[in-house]
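Along the sequence shown, the residues carry numbers beginning at 1.
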Amino acid sequence: MSASTLGTVTPRTVTPPHSLGTVTPPPPLGTVTPPGASGTFAPPGSAGIDDLLAAARSRLHRLDPHDAHRAADRGAVLIDIRPAAQRAAHGAIPDALVIERNVLEWRLDPRSDARLGFATRYDLQVIVFCQEGYTSSLAAASLHDLGLTRATDVVGGFAAWAAAGLPTG
């Protein structure tokens with residue numbers, strides 16, 4: 001094969017990976033970066049975390065700690081999604097089921113082979129909590145996506161529960 005049949009090869013510079021291991025190619029030639037801008041722009045169609053959180057919460061009937069405690073007394077399942085280090089540092093809610101965030105959907109999806117034994121119904125009332133009530137909102141919305149439409153979270157998370165004087169251990 002001759003060089004003319006291979007086409008034209010344009011050299012491209014790639015920024016070496018940084019400590020996080022991602023590679024960011026430079027912007028295409030001719031791209032103008034506004035003065036003072038870092039050159040990193042959100043991709044079209046993406047949303048910031050504040051927008052994602054607001055959208056998640058708009059789908060939930062969030063409970064304050066006292067309402068969550070009463071719901072648990074009536075049979076709702078309290079689920080602590082915090083990592084072990086947070087539970088060790090801050091405490092836990094007695095009788096809450098620990099399902100760390102990275103496996104939550106698999107453990108509660110009634111269609112999943114990895115579900116827990118009680119997770120067989122879509123009308124199950126699940127109350128998710130994290131340390132301060134942010135991650136739990138995203139997690140509860142994800143459970144809604146699975147069809148668990150009674151999933152919600154605790155406003156203020158474990159910190160608000162403890163501050164309300166509710167049982168901790």
Going through the checks in order, is the side chain to side chain contact (heavy atoms under 4.5 Å, CB included) test met by Glu100 and Ile81? CA-CA 4 Å; Glu100 289 193 13; Ile81 62 168; over 6 Å; no

Just how far is it from atom [atom1] of [X] to atom [atom2] of [Y], taken to the nearest 0.5 Å?
X: Phe118; Y: Leu97; atom1: CZ; atom2: CG; result: 5.0 Å
X: Thr168; Y: Phe158; atom1: OG1; atom2: CZ; result: 5.0 Å
X: Leu63; Y: His69; atom1: CG; atom2: NE2; result: 13.0 Å

Do the side chains of [X] and [Y] get close enough for a salt bridge, i.e. N-O under 4.0 angstrom?
X: Arg82; Y: Glu132; answer: no
X: Arg70; Y: Asp67; answer: yes
X: Arg101; Y: Asp80; answer: no

Any non-hydrogen side-chain atom of Ser142 less than 4.5 Å from a side-chain atom of Leu104? no

With a 3.5 Å distance limit and no angle check, can you tell me whether [X] reaches the backbone of [Y] through a side-chain donor-acceptor pair?
X: Ser112; Y: Asp109; value: no
X: Thr152; Y: His61; value: yes
X: Arg62; Y: Asp153; value: no
X: Arg150; Y: Leu124; value: no

Ignoring hydrogens, what is the shortest heavy-atom contact between [X] and [Y]? Give both atom names and the distance.
X: Ala68; Y: Leu78; answer: O-CD2, 4.4 Å
X: Arg59; Y: Ala141; answer: NH2-O, 3.2 Å
X: Gly169; Y: Pro94; answer: N-CD, 4.1 Å
X: Ser137; Y: Ala56; answer: O-CB, 3.8 Å
X: Pro43; Y: Ser46; answer: O-OG, 2.7 Å

What about [X] and [Y], same hydrophobic cluster or not, with Ile/Leu/Val/Met/Phe/Trp/Tyr joined at side-chain heavy-atom distances under 4.5 Å?
X: Val126; Y: Val98; answer: no
X: Val77; Y: Ile99; answer: yes
X: Leu52; Y: Leu146; answer: no
X: Val128; Y: Val103; answer: yes

Which class fits the ring pair Phe129 and Trp161: parallel under 30°, tilted 30 to 60°, perpendicular over 60°? parallel

side-chain hydrogen bond (donor to acceptor under 3.5 Å, both in side chains) between Tyr122 and Arg111: does it pass, once the steps are laid out? CA-CA 10 Å; Tyr122 291 94; Arg111 291 168 282 221; 3.2 Å; yes

Using the side chain to side chain contact (heavy atoms under 4.5 Å, CB included) rule, take Val154 and Ser136 through it: C-alpha gap first, then chi angles, then the decisive distance, then the call. CA-CA 8 Å; Val154 177; Ser136 58; 6.0 Å; no

Give the C-alpha distance, both sets of side-chain angles, the deciding distance and a yes or no for salt bridge (Lys or Arg N to Asp or Glu O under 4.0 Å) between Glu105 and Arg115. CA-CA 8 Å; Glu105 290 84 353; Arg115 74 178 177 275; over 6 Å; no

Assess the residue pair Leu166 and Ile93 against the criterion (side chain to side chain contact (heavy atoms under 4.5 Å, CB included)); give the C-alpha distance rounded to whole Å, side-chain angles, the decisive distance to 0.1 Å, and a yes or no. CA-CA 8 Å; Leu166 293 168; Ile93 297 174; over 6 Å; no

Looking at Asp123, I want to see if its CG is surrounded by more than 12 non-hydrogen atoms of other residues, nucleotides or ligands under 6.0 Å. yes

Does atom CG of Asp73 have more than 12 heavy-atom neighbours, drawn from other residues, nucleotides or ligands, at distances under 6.0 Å?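 Counting other residues, nucleotides and ligands, CG of Asp73 exceeds 12 neighbours.
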
Determine, step by step, whether Leu108 and Ile79 satisfy the side chain to side chain contact (heavy atoms under 4.5 Å, CB included) criterion, reporting the C-alpha distance in whole Å, the side-chain angles of both residues, the deciding distance to 0.1 Å, and the verdict. CA-CA 10 Å; Leu108 295 182; Ile79 298 181; 3.5 Å; yes

